[in-house]
Protein chains: 4
Amino acid sequence: MHFGSDNESGASPRVLEALARANDGAESAYGDDAYTRRAVEALKDVFRCDLDAFFVSTGTAANGLALSCLVQPWQSILCHAQAHVLLDESTGPELFTGGARLLPISAGDGKLRPDHLARHFETAGSHPPHNPVAAALSVTQVSENGLVYTPEELAALCGEAHRRGLTVHMDGARFSNAVAALGCAPADISWKAGVDVLCLGASKNGALAAESVIFFKRDLAATFAHRRKRAGHLASKGRFLGAQFLGWLEGGHWLELARRANERAAELGKGLASLSGVRLAWPVQANEVFAVVPKGWAEEMRAAGAVFFDWYPDVLPPGPPLEKGETLVRFVASFSTEASSVQKFISRARGHPIP
Amino acid sequence: MHFGSDNESGASPRVLEALARANDGAESAYGDDAYTRRAVEALKDVFRCDLDAFFVSTGTAANGLALSCLVQPWQSILCHAQAHVLLDESTGPELFTGGARLLPISAGDGKLRPDHLARHFETAGSHPPHNPVAAALSVTQVSENGLVYTPEELAALCGEAHRRGLTVHMDGARFSNAVAALGCAPADISWKAGVDVLCLGASKNGALAAESVIFFKRDLAATFAHRRKRAGHLASKGRFLGAQFLGWLEGGHWLELARRANERAAELGKGLASLSGVRLAWPVQANEVFAVVPKGWAEEMRAAGAVFFDWYPDVLPPGPPLEKGETLVRFVASFSTEASSVQKFISRARGHPIP
Amino acid sequence: MHFGSDNESGASPRVLEALARANDGAESAYGDDAYTRRAVEALKDVFRCDLDAFFVSTGTAANGLALSCLVQPWQSILCHAQAHVLLDESTGPELFTGGARLLPISAGDGKLRPDHLARHFETAGSHPPHNPVAAALSVTQVSENGLVYTPEELAALCGEAHRRGLTVHMDGARFSNAVAALGCAPADISWKAGVDVLCLGASKNGALAAESVIFFKRDLAATFAHRRKRAGHLASKGRFLGAQFLGWLEGGHWLELARRANERAAELGKGLASLSGVRLAWPVQANEVFAVVPKGWAEEMRAAGAVFFDWYPDVLPPGPPLEKGETLVRFVASFSTEASSVQKFISRARGHPIP
Amino acid sequence: MHFGSDNESGASPRVLEALARANDGAESAYGDDAYTRRAVEALKDVFRCDLDAFFVSTGTAANGLALSCLVQPWQSILCHAQAHVLLDESTGPELFTGGARLLPISAGDGKLRPDHLARHFETAGSHPPHNPVAAALSVTQVSENGLVYTPEELAALCGEAHRRGLTVHMDGARFSNAVAALGCAPADISWKAGVDVLCLGASKNGALAAESVIFFKRDLAATFAHRRKRAGHLASKGRFLGAQFLGWLEGGHWLELARRANERAAELGKGLASLSGVRLAWPVQANEVFAVVPKGWAEEMRAAGAVFFDWYPDVLPPGPPLEKGETLVRFVASFSTEASSVQKFISRARGHPIP
C-alpha cells in the first residue's frame, strides 16, 4: 500500500538488465560512448525529429539546466503556482540560471492557459532593466494536479507563449504517463505543440536515475554541455545513463510501464470515489490521485500501513475550501504498484467506518 | 589496451549485484531509505569513527559541495597547481561556493608540503575585505601525479593548515588506491591525519556512479543537505547510491579492487621503464603511470589500438623540460584492467623500434 | 510640474555644502575616515541606540546587501506584492543573496499584516531541503502605495515575523517621509517596533547618492563588509558618503526636507481629489499620490508639461477594477517641489475639461 | 606627507563645481538625463571614435561589470599576477561574472607580454567543458608596478590576445596618468592598440566617485545595462555621475590633474633614489613609486607622519629577493599632492641616518 511517490519504486527489471549489458568492456568516459549515442538516436526515433539530447541523473538538474539555457539571470520564467520547479526543487532554478526568477501565473487553476499569460503581461512591469521581464514559460506534463494537457491545449498555450517572445520548457517528469493516457504520439505533446525543450524523466517510471534534456529548438542547446559539467552533472561513466534510456525506450517499454501506473491510479481513484466522506479533488487522468479525505480516515489508513502524503492545500480547485477535519492527500501509482495492493487498500478503507 | 582513464571501465559485478538486490519493494525517496542508512553505518565501520556522510553521483559534485561548506564566497581555497578541482571540473567550485577562489600554491612540486602554505601566507594579501583570504586547503589523495601521501606527510600538511586557520578537504577520487598502496587503515590518511572532509570516490574504482562526502568534523555538514538538493544532486531513488556503496565496501571489496588496479599500474610502469627512449616522470605508487615518451612512439601505439592521453606538461617534476619530439602521457589502470592487456601493450611496445 | 519621482530632484544645498566641506585634506580610503565615523555616530544619536551602519550609493545595493545578511541562498524572503525589491530592482536580490527567493504574500492589500504571514505559513511547503523556507520579512516604509505604517502596525507585523523565526528588513527609501508624517521618533518605527535591519535612504530626499544599512541586531552585520566590497559598493573615497549623511542629518535637516515633500503631496492630493473624474486610489499619507484618472486627461496634462508615470494596476485596492478609459498614475513630491508647481498643475487641470 | 593612495585625496574643485552646476532643476532619473548624455559625447570627443559608455561609482564595479560582458561563467580571464582585479577586489570578478576565473600569467614580470599568452596556451588544458578556457585578457594601464605600457607594447599584446580569440579589457584606474606620461592621444593606448573595453577611472584622479566603462567594441555592451542595474550600480540621480565626468574632462582638466600627480611622483622617486640604503624597485613612469627600504627607516618615517604602505613582495622584479631588514613599499602621488609635501618628506628622510 505504498502510494507516497513513484520515486519509492525500484527500477524496471528490463532497465536493470540493460544496465548490466552495458557493463562489459571499455567505453570512453564523460558521455562520449556508444550507449549515450544510441540513446540519443532512440530519442530521435521516439520523437520522429532531429534533436539534441543530454542525460543527467535527477529531475532538478534537468529542469534547472534546461531553464538556464532559456533565460538570462535578469529575466523571469512563468510557471504554474504549484510547479515542481517552484515549490519542490529548493532554489535550484536560481542556482542554475544564475539568479533568474520564477513567477507563478496560474491563479488557482489546474492547468496553465493562454489567458494566464495575457493577464501576466497586462499587469507586469515591462521596463528593463528595472523589471525582470519574462523570457520563458515552464509547463508541467502531467500537470501539478494530475491532469493531462491535450495536444490542443498545449498548442494554444505554447502559441501564446511564442507570440509573447517566450521559449517553452516542459517539465516531463511524468511525460510518459501523459503519452500513455492520451494515446498520442510523443511528438504531439512536445515539439508539434510548440515545446522547445523537454525534460523527459525516466526515474519516476522505471529507471534508477536517468533524465534527459531534449532540445527540439537546437540552438538553445549551445551552452548546455558547459553548464552540465560545471554543475557536476556530467557522469564520468556516461554509458550507464545511456543504457538506462535504451532499456527504457526499447520496444515501447516506457509506455507499457506508464500504462500500468495509470491503470492502478484509475482503479485507486475509482475506489476512493466510491467511499463515503471521500471526494476526488481532480479527475484522475494519469498516475496521481488527489483526494479530500477526513483527517481521521487518513490517520487510520496510515496506521494500517498505507503510505500517502498530505498535499499543498492550494492545489485544490477554486471553490469551497476544506472543511474542518478534512485534508487534501495525494496518492501516486507507479509501474510497480500491484493491483492487489490497490484492492487491499480500498477494501481496508471500506472496512473502516469514516469518523 | 585501454589506459585512458579508470572512468572507462564498467562496474564491478559485485556492485551491480548489490544494485539488483536493492531493487525490490518500496523505499522512501530522497535518501531516507534503509540502504543509505546502512551505507553510512558501513562508512563509520571503515573509518572507525563517528561521521556524517552524504552520497552524490559525481566527483565534481562531491568536491564542489564539500568545498562550499568550508569557505565563504569571498574567501579562497589553496590547492595543488594540477588539482582536478582546479583544472578539470570547469568552474564548478565557483558555482558551488558562490564564487570563492581556488589558488594553486604548489610551485612545480609533486605533493603539497607545509612550506607551500608558509610561502603563500608570506606573500598573499591579508587585508579583508580587499584580499580574498584563504579558509581551506584541498589536497588530493592519490596526488595529481600518481604519488601517495604518507600519513606523516598528511599530518604535517594538515597540521600546518589548521595552524593557519584552514579546514582541510581531501579529494579522494582514488583514496582507495592510496589505502591499498599504503596498507594503512583508512583513518590513518583521513581524520587521524587531520582531514576534515573527505570526498571518497567509488566511481573510478568499481561503482557505476557513486561518491560520498564524509564529514569527520561534523559541524561543517550543517548546510550540506540544502546545498545538495539545490544543486540537483539529491537522488530521488537514494537507495541506488547507498546500495552501490554497500556492495563496494562489503568485505573489503573496495580495497581488493584498488589493489588490482595498483598491481596492473606497477606492471605497466615496470614495463615502460624498461623501454628505450621512455622514462617515468614520477614513481608509480598507485594506479597511474606518468611517462615521457617520444611523440612518434605514442602515435604508433595508439595506431595499434592503445588508449592513453597526453597530459598537462607542467605535471613534470622541476628539472629539464621535455625535449623536442617528446611528450608527457598518462596511463591509468583500473580494477578491470587485465594483466594480459598490460603484457600485450608492453610486448607490442618492445616490437616497435623507437624512431 | 515634475512629479515623476523624487529621484528627479537634485540635492539639498546643505548636503552639497557638507560635501564641499569634506573635500579638504587627506583622509584614509575605503570608509576608514573621520566623516564616515561621525556619520555612524550621528545615526546612533538619531536612533538613540547602539547600531552598526554602512554606507552605499544606491537603494538597490542597500536592500540587496542587507537581505543577503539575513537569508541563505536556499531560503526565501516574504514581501509585499508591489515591493520595490520585488518589482523594480531587476533580480538584484537574487544576485546579492546568491539565489534566495522573494515571495509576495500581500494578496492585494495595501499594507502587510500579521495575517498575511499566518496565511503564508498555512499553505507553504515546510519541508527543507525541498521547499525554500522563509527566513526573512521585508517591509517597506513608506509602503508601496504611499501609506505609512504606524508604530503599532509595525510592532504587530514584526512580532509575528519574529515568532515565525523571521528576521525583519525594512526598505526605508522614504523612511524620513514616514517619520515626518507620523511625528514619531525614528526609533518608534524601527528597532522599537522590531525592525532588525533598516535601509535608510537619503538619495530620494536630498542627498546626491547616499544610503545607509543600519543593523540594530548587530550580529547580523558580521559579513556585511565582505559582501559590500565584493559587490563593488565600498566607496574608495568614503568620506563623501559620510559627509552626505552628516549634512543630511544635521539639525534635523532630513525631516525638514521630508516634511516639505509631504506637504506638497498633501496639496497635490487635495487638488486632485477635487477634480471631477479623478479619484485617489489611496489616502495621501506621505509624499506620493496614487490616483485613478481618465487616460485622456493624463495625456493632456503630459502634453501641458506635467511629468508623472502610469503605475502597476494591481497596486489598486481590492474592489472595482479600472473602468475602460481609466488609468492608475503616481505622483511624487520631493523636498524641492515648489508649492507654485503644484498650484500650477491643479489650476491647469481645472481648466481642462475631462473628455 | 600622505602617499598612501590617490584615493586619500578629495576631489578637484572643478569637479565639485560641475557637480553643483548640475544640481538645479528636474532631470530624468536612472541615467536618462542630459548630463549623462553629454558626458558620453565628451568621451567620444576624447577618444575620437564612436563608443558606448556607462557610468558607475567604483572601480571594482566597473571592472567586474565590464569583465562579465566578456566571458561566460565557465571561462577564464588572463591577467597579471598582481592585477588589482585579482588581488584587491575581493572575489568581485567571480560575483559579477557568475563564477568565471581569473588566471595570472605574468610569471614575475612587470608587464604582460605576448609571450606570456603564448606560454599559457601551451600548457593550459584546452578541453571544454572540462577545462575553463580563456576568453578574455585584462591588462592594467598604468601597470601593477607603476610602469606605463607604450602604444606598441599594447598593440603587440592585444594583437596576440585577439589572435587567440580573447577580448581585451583594460583596467584604466590610472589611465589618465598613462596618457599624461606618454603624451599620446587617449586612442593610442586604447582602441587603436586593440583594447575592446576600457574602464576609465576618474575617482583616483580628481573625481569624488565616478568611473566609466567604455565599449569600443560596441556589441559587447549588449547586456551591460541589465548587469549594472541588477548589481545596484545604476545611480538613481545619474546626473551626478555625468556631471563629474563633464567637469573632469572639460578642457583637458583630467590630463592636467594627471600631469601634476606624475610630476610629484617623479620628484619623490628622484629624492628616494638619492637616499643611501633605499633603491627603486621599478622606474617611476607615472604617479606611483615602488621602493625597497630598510624596515627601520619606514618605521621612522611613519612615526614622523608619513603615510605609505608595505606592498606585495612579489611585485619585485625577478632577481635578488629582499634582504633581511628590507621591505617593499609603495608611494602614490595624486593631483592634490603638494610639491612642498614631497620636499618635506625627502628632507626629513635625509636627516634620518639609516640604522
Side-chain angles (χ1 to χ4, degrees), chain B residues 5 7 58-60 64 68 71-77 81-104 107-108 119-135 144 309-316 321-322 327-328, chain D residues 5 7 58-60 64 68 71-77 81-105 107-108 119-135 309-316 321-322 327-328:
Chain B
S5 165
N7 286 321
T58 76
T60 296
S68 73
V71 296
Q72 294 281 2
W74 46 85
Q75 296 177 322
S76 64
I77 302 155
Q82 273 81 39
H84 200 270
V85 289
L86 181 70
L87 300 185
D88 301 295
E89 304 186 359
S90 184
T91 51
E94 283 88 344
L95 176 68
F96 288 106
T97 62
R101 188 177 294 170
L102 288 163
L103 287 183
R119 199 187 313 156
H120 167 78
F121 282 99
E122 268 163 35
T123 59
S126 58
H127 298 290
H130 302 275
N131 311 127
V133 173
E144 290 75 8
F309 295 131
D310 287 335
W311 209 245
Y312 303 106
D314 46 5
V315 167
L316 283 173
L322 291 179
T327 186
L328 175 68
Chain D
S5 166
N7 287 320
T58 76
T60 296
S68 74
V71 297
Q72 295 280 2
W74 46 86
Q75 296 178 323
S76 64
I77 301 154
Q82 274 81 37
H84 200 270
V85 289
L86 181 70
L87 300 185
D88 300 296
E89 304 186 358
S90 182
T91 52
E94 284 87 344
L95 176 69
F96 288 104
T97 62
R101 188 178 294 170
L102 288 163
L103 288 183
I105 58 168
R119 198 188 314 156
H120 168 77
F121 283 99
E122 268 163 35
T123 57
S126 58
H127 299 289
H130 302 276
N131 311 127
V133 173
F309 294 132
D310 287 336
W311 209 246
Y312 303 108
D314 46 6
V315 167
L316 283 174
L322 291 179
T327 186
L328 175 67

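Since the structure is predicted, the reported quantities are computational estimates derived from the model, not experimental observations. Chain letters run A, B, ... following the sequence lines, proteins first, then strands; residues in each count from 1.
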Review point. CG/Asn131(D) to CG/Leu86(B) distance, rounded to the nearest 0.5 angstrom?
Key: 10.0 Å

Practice item. Name the region of Pro104(D), side chain, backbone, both or neither, that has any atom closer than 4.5 Å to a heavy atom of chain B. Key: neither

Revision key, fill the gap. Max heavy-atom pairs within cutoff under 4.5 Å with chain B, candidates Thr123(D), Leu95(D), Val133(D), Asp314(D), goes to Thr123(D)

Check your understanding: So which heavy atom on Tyr312(D) is nearest to which on Leu328(D), and how close?
Key -> O-CD2, 3.4 Å

Practice item. Look at Gly99(B), Ala100(B), Ala124(B) and state which one has the largest set of heavy-atom pairs under 4.5 Å with chain D. Key: Gly99(B)

Exercise for review: Would you mind checking which part of Leu102(D) comes under 4.5 Å of any heavy atom in chain B, side chain (CB onward), backbone (N, CA, C, O), both or neither?
Suggested key: side chain

Check your understanding: Any idea which heavy atoms bring Arg101(D) and Val85(B) closest together, and the distance?
Key -> NH2-O, 4.0 Å

Point to revise | CD on Gln82(B) to CG on Leu87(B), rounded to 0.5 Å | key: 6.0 Å

Exercise for review: Enter the distance from Gln75(D):CD to Ser90(B):OG here, rounded to the nearest 0.5 Å.
Suggested key: 9.5 Å

**Study point:** Region of Asp88(D) in contact with chain B, defined by heavy-atom distances below 4.5 Å
**Key:** both

